[in-house]
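Letters A, B, ... mirror the listed sequences (proteins, then strands); counts begin at 1.
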Amino acid sequence: MTQELSHLLRTRREKLEALRERGIEPYAYRFDRTARSDEVVSAYSEAERKGDLNESGEGSEVRVVGRIMSWRSHGKSAFAHIEDEGGRIQLYFRLDVLGQEAFDDLNLLDLGDWIGVEGRVFRTRTEEITVRAGSWTLLSKSLRPLPIPKEEVDPDTGERTVYSGFADPRTRYRQRYADLAVHPEVRKIVRTRTRLVSALRRFLDARGFLEVETPVLQPIYGGAAARPFTTYHNALDTTLYLRIADELYLKRLIVGGFERVYEIGKDFRNEGIDRSHNPEFTMLEFYQAFADYHDMMELVEELVGSVVEETTGSRRFVHQERDIDVSPPFRKVAFLEALGKKLGTSPAEMDVEGLRQALRERTGEDLDDAGRGRLLDKLFGALVEPELIQPTFVVDYPVELSPLAKHKRGDSSLTERFELFIGGWELANAFSELNDPLDQRARFEAQAQLRDAGDEEAHPIDEDYLRAMEYGMPPTGGVGIGVDRLVTLVTDSPSIRDVILFPTLRPEEGREG
RNA sequence: GCGCCGCUAGCUCAACUGGCAGAGCAACUGACUCUUAAUCAGUAGGUUCCAGGUUCGAUUCCUGGGCGGCGCACCA
């Protein structure tokens, strides 16, 4: 702890003691609020319009609460702004109204303190709706200075200029409570996220999907190609994995007779962190019996379009200065065709060596041990994906890349699978689910060979899942949607970490001040 | 894991080719009863991320390390 911070903390503790000595409890138990700050403003405007103000131009008496965000002291009077979830409201304190003692005690308040105030509402000379404090109550003393920015609001344009700020991303992510406390725009993202998730639920509920919960702790992970987090159960004396996908359990439920199921929950993948990846992230998966991937494409178009509109009011939004329109129908391109256009040759006619060479030429990467599937995927990721800004379904992936998807009708080298890209990011992944248990076993065995060859992300064999398939799963369409990424896009956030309240960070070493 | 950039007061940032470490805000003291980036006068506040090295002298240059951001890789 530096001397300076310790000085600031000490000053506040001294004020805390002084408050107690004066008989003021710095940590109150409750406060009866009559109106939120935004309600105070609208009620006063309404009263003003109706002519319901008294002869002094005052509205009704209110009790408001908030955190002190600014303070302007003028000797025998003072102005402050407090902020609650409704926004900010100005307070006006006067010596002749409060009396000497209550006015002097204001000196023991600091920015960041929570207070409650009772008083009549009026409009100041500069037209701001303000509560004239008849009395005030300390609700919670802040002992650590919040990095509250100073800001100026242009009265004509309403434009907000922030003069100093709390900018260090590390500290903002680590101390999200402080980030939220001083940045209304971060709170807005949180609300947008919640509205979007609610809209997803409403969309699926309205179409007869049943929301379920499946295990996070799994004896065998699967449903995606990724490395898992590993943990251990003491009583069972066994290794368990945090799920990397919900897929295999949800399809077991389709076997069990549920025709439409979905789950919104956390998946965990033991991989790097960047602007589109967090080790734990929120996935929506839904499965519909008797449907194929064409049906699911239509459903996804509707879902994305309507959820974005319900959340933001429009199907168009801007992400990082790019205009994006999620109005259906979305563009469709075939995987091999799109890649072929970039390569100048059909990848179907290229052998592994040719693909490897193409990758080397285009990206400078040498992948000596990579198989055909991985090479195709790498090339696609490097050449095609970054250009998929407007919503685009990429369809018909090579079978090597898709161990859980049905063969494409008429071409067994492909699968009936699509991924949805928006803004260059993979937003959704879906297929006509493989329901042939013998084919599924063969796919798993092919994955096992990749695993033996050193591919840590190859899909493990899940015998229980195969048993479920053997009982019989109806034809089913399934979709996974990355919820965090969708929120990142519609909130115009640069990074997935901006839409996750507490993103994964390296643990803090030691304790700071 | 690799590359680039960064780390200076509580916050936001300065400090020329190496030459006494500064400003604004926040804090503290005082003045001020309609202010709003309040204003005015004053005070205090620093292991310049860490450890070495070069140098008469390092915030500055070099080496190593730590932390972070961005990009790459990874993420079917």
Side-chain angles (χ1 to χ4, degrees), chain A residues 1-12 14-15 69-81 88 90-98 103 107 110-112 122-128 130 132 144-153 155 160-171 173-174 178 182 224-227 244 269-279 281 363-365 367 370-371 373-378 380-382 397-405 415 417 419 426 429 447 450 455-459 482 494-495 497 505-506 508-509 513:
Chain A
M1 191 190 291
T2 68
Q3 281 183 1
E4 174 60 12
L5 180 56
S6 114
H7 163 71
L8 292 171
L9 297 183
R10 196 172 56 242
T11 304
R12 293 202 174 197
E14 284 164 7
K15 289 182 181 175
M69 301 302 279
S70 68
W71 193 271
R72 295 173 296 284
S73 164
H74 296 263
K76 297 187 178 63
S77 73
F79 288 91
H81 278 98
R88 290 193 186 188
Q90 182 166 256
L91 307 178
Y92 182 39
F93 300 94
R94 288 175 63 106
L95 171 61
D96 56 6
V97 176
L98 286 169
F103 190 81
N107 288 323
D110 284 296
L111 297 187
F122 73 111
R123 212 181 257 282
T124 63
R125 191 181 293 162
T126 52
E127 302 281 286
E128 179 159 352
T130 299
R132 179 185 281 108
R144 183 179 291 269
L146 266 176
I148 298 173
K150 283 226 167 189
E151 53 186 53
E152 182 179 28
V153 181
R160 207 161 55 106
T161 314
V162 176
Y163 285 91
S164 61
F166 178 35
D168 179 26
R170 161 184 48 182
T171 315
Y173 293 137
R174 246 187 233 297
V182 304
R227 280 184 289 171
I244 59 172
R269 298 187 184 175
N270 207 336
E271 274 140 16
I273 297 172
D274 64 29
R275 63 166 57 189
S276 66
H277 295 84
N278 194 63
F281 62 100
T363 70
E365 273 186 275
L367 289 182
R374 193 163 137 72
L375 287 166
L376 286 169
D377 190 55
K378 292 285 294 181
F380 192 86
Y397 280 68
V399 66
E400 301 93 324
L401 290 173
S402 315
L404 299 164
T415 53
R417 171 182 177 191
E419 290 193 353
E426 179 193 337
N429 180 25
Q447 290 288 310
L450 290 176
D455 183 349
E456 286 185 81
E457 285 164 0
H459 204 292
S495 164
R497 289 206 251 185
L505 301 168
R506 185 183 302 279
E508 211 168 353
E509 287 194 19

Answer with base, sugar-phosphate or nothing: what part of the nucleic acid does [X] contact at a heavy-atom distance below 4.0 Å?
{"X": "A:T124", "result": "base"}
{"X": "A:H81", "result": "base"}
{"X": "A:E128", "result": "base"}
{"X": "A:S73", "result": "base"}
{"X": "A:R12", "result": "nothing"}
{"X": "A:Y397", "result": "nothing"}
{"X": "A:R132", "result": "base"}

Report yes if some heavy atom in the side chain of A:E400 is under 4.5 Å from a heavy atom in the side chain of A:L450; otherwise report no. no

Can you see if the side chain of A:R275 gets near the phosphate of B:G71 - specifically, an N or O under 4.0 Å from OP1 or OP2? yes

Can you identify which nucleotide, out of B:A76, B:A38, B:C34, has its nearest atom closest to the A:D377 side chain? B:A76

Could you work out which one of B:U35, B:C28, B:A76 sits closest to the side chain of A:F79? B:U35

Could a donor-acceptor pair under 3.5 angstrom be found where the side chain of A:H74 meets the base of B:A38? yes

Below 3.5 Å, does any donor atom in the side chain of A:Q90 face an acceptor in the base of B:U35, or the other way round? yes

Do side-chain atoms of A:R269 reach the backbone of A:I244 as a donor and acceptor pair under 3.5 angstrom? yes

If you assign A:Q447 and A:L505 each to the RNA chain B nucleotide with the nearest heavy atom, which residue ends up on the more 5' nucleotide? A:L505

In whole angstrom, give me the gap between the C1' atoms of B:G53 and B:A58. 11 Å

With rounding to whole Å, what would you report as the distance between B:C32 and B:C13 at their P atoms? 37 Å

Tell me: CZ of A:R497 to P of B:G69, nearest whole Å? 4 Å

